[in-house]
Amino acid sequence: RSLRVAHTALFAIMPGKDATIAGPIRKRRHRVLGPKWMNRYLELQGRYLNYYASEMDPIPRRSIALQSGYAVGAVQARSDGQDLLHTLRLDCGEMGGVLEFGVTSEQDAKAWHAAIGQAIAQANGPPTPQLFSRRAAGEGLNSSGLAPRQDEADVGADVGVVPSPLSRESLIDTLAEAETPLASANCHVLATEGGLTVFRDVPRSSASGVASEIRLAEANNRLLLTALLAGVALALVLALLGHTPLGCLGLGATLALAVVAVVVLRRPHPETPLLLTSRVVRSSPHCIFSAFMQPCPKWDGATQHVEVLQKVDAHTDILHIVQRPVRTWFGWSFRARDHVVLRYWRREADGTYFVLIQDTQHRKAPVCSKYVRGNFVSAAIAISPPKPDLVNHPDQATSFVTLMLKYEPNGLARWIKKFHFDYVAFELPWLRNVASLAEFMQSTSFVDPVFRNRVAIDPQDQTLPESPMDRRWDTGMPPTMWSEPQASRFNVRSASYLHDRVKTPATDAAFHFVGCELLSFPGKVDQTRLCGRRAPPRPKTSSSDKLLFVVNLAMPAAKKAAPVSVVMYFEQAESLSRGASRFADLLSDFMDGNDQFRRQRFKMIPDVVEGSFVVRHSVRGKPVIFGNTSLNLIFSEGPGWFEVDIDVTSDPQAKWVTSLVLGVTKTVVVDLAFLIEAQSDSELPETILGAARLARVDLKQCTPFEPDA
């Protein structure tokens, strides 16, 4: 404040400088519920017109760079409801909106008119930065939580274009004068939902109207109760006269509801309330804004479907939003609401993001009988960074999110509000999203216990290539259910693992995933040693000189069905003769060793790519050393093949997890990596033997196992 006063005094005493004028004013704020005059402090420095929340506020609410195209109207006298004001209207063009303010003294109003007119007349060329404009005072926080460098600052506030039906004048005032619920004296606590406080905006000018709405709702409830009691009395009288009791009761209820409907229909609907809620979110405004702009994010509990109907410009689009059905008493639910809205966003120079939503119409989303068309009278989301002088921990970005909602659900819910003044069942799902967003953004700061062993891959390489068609076998299992993932998705022991315990992404697998079978075993048929009882389904084009490594997952039966086995075939991809590589020597030791050595070395790394929360937490991404479990492993070999049978039913915990997955196989995508554990420096680094992806497997497409004659 002292610096700003010194700067103002400097302009006043130095000859040849632009005139400066400052003082308290009453600024007109345009609102849906009517205009409101706010006490503000206005200051003109050169060609910059700044207004502050108060004289002691160091940073302006808004800074206007006067240009030659702007115009200031003549002084007019009008009342603000309390005093007589002499007002001025500054027209800032199509993009800048209108600033209307007044002072009590006509002489002061003429002085402001002359000073602003002179500043506009002398405005030539682009404006130069001022000392205490919003941009000079600080651009807010960047993604790292620090104040941005000069080259990171925007050239100007990103305002975009506001098309019809939004009012530019009301929009600019709404953005510049947005107040948080806790700072507004006109907000009353309406309800608390799971720690989320919901406020209702009750301006002083409409306080009497709210009281009348409460009295009207009470009168409607009394009328309903009286009519029902009268209907019951009428039913009793008719029953005593010998009529059917059930018919009498139905007639009495019908007459009572008819009387209530006739009377209530003639009474006006209550005014749609403006609801507000807010929450401190541990994230930067930019990250929160990006989360808000995503269609149907995971944290959104109100939206069922979102479709972008039209992209108007970089800041404006038209959306078709379908709200989830709202459940009320005794499990009864209202029909889903849909909305066609125009969404507009902008970023203020201090780093605050605003997202505004208003109802509109579009030919691609006409009114249909499937939904009830709701009405967003107005909605706004403000994402504000902390004040620069209050940032104590720059490494922890924090924002304040405020949601303002004025919503009319229409349909039957509109009539319920005549009896229930505070009925906000349709608004609550939207308001709860603020709390859901806060939890979601906070969770991103912690390690996910499910995916802690996964390896981050290049964002440009998210799509995993499938095995070339010339090496994929036709095994009868649909090719969409199995493919070969990249081995680099898994962490394996590095060359220095025994010294620093560091794991690195794996190199290419030594075997290619070439085939997969889903076999069923009716009766008590043995599920092991399959290659010894039936030749592998190797195609004629495949070379018989390459070693075939077979992994058989023998799983329990699912829901009275026959036991199944997932048989995966891996074909040699490189030379594996002893001495060719460290992995080749380890594989030779594995195949020549005894079963105890094999059990201690053979391991698997599972990774649930897609699946429910329960499945992902049950199937961890931690390597499974079969020698440390009670799983029964059976090894067998023959000419050109080596088979490992894993009997899942032999271990209670593995059987429980497998039975959990078997019930939802159509919704699960899992990657499996098989390898031989390296336990000495001469065997490191580890190499994945083979990797397989099983995607949404349909257990009904099993092939009965038939051994060779």
N-O pairing of K370 and D338 below 4.0 Å: no
Cationic N near anionic O, under 4.0 Å, D585 to R582: no
Side-chain ion pair, D300 and R432, N-O less than 4.0 Å: no
Electrostatic pair D671:R489 at N-O distance under 4.0 angstrom: yes
E686/K503 ion pair, N-O < 4.0 Å: no
For F549, the option from F570, Y569, F642 that meets ring-ring contact (aromatic ring centres under 6.0 Å, His included): F642
Partners passing ring-ring contact (aromatic ring centres under 6.0 Å, His included) against F289 (at least two apart in sequence or in another chain): W345, Y353
N-O pairing of D708 and R533 below 4.0 Å: no
Check ion pair R598-E643 (N to O, under 4.0 angstrom): no
Electrostatic pair R696-E610, nearest N-O below 4.0 angstrom: yes
Ion pair R472/E484, N-O distance below 4.0 Å: no
Verdict with reasoning, F513 to W473, per ring-ring contact (aromatic ring centres under 6.0 Å, His included): CA-CA 9 Å; F513 185 35; W473 295 1; 9.8 Å; no
For A509 against A573, the heavy-atom pair lying closest together: O-CB, 4.4 Å
Exam field: side chain R501 to backbone R493, donor-acceptor pair closer than 3.5 Å: no
Salt bridge present between R601 and E683 (N-O < 4.0 angstrom): yes
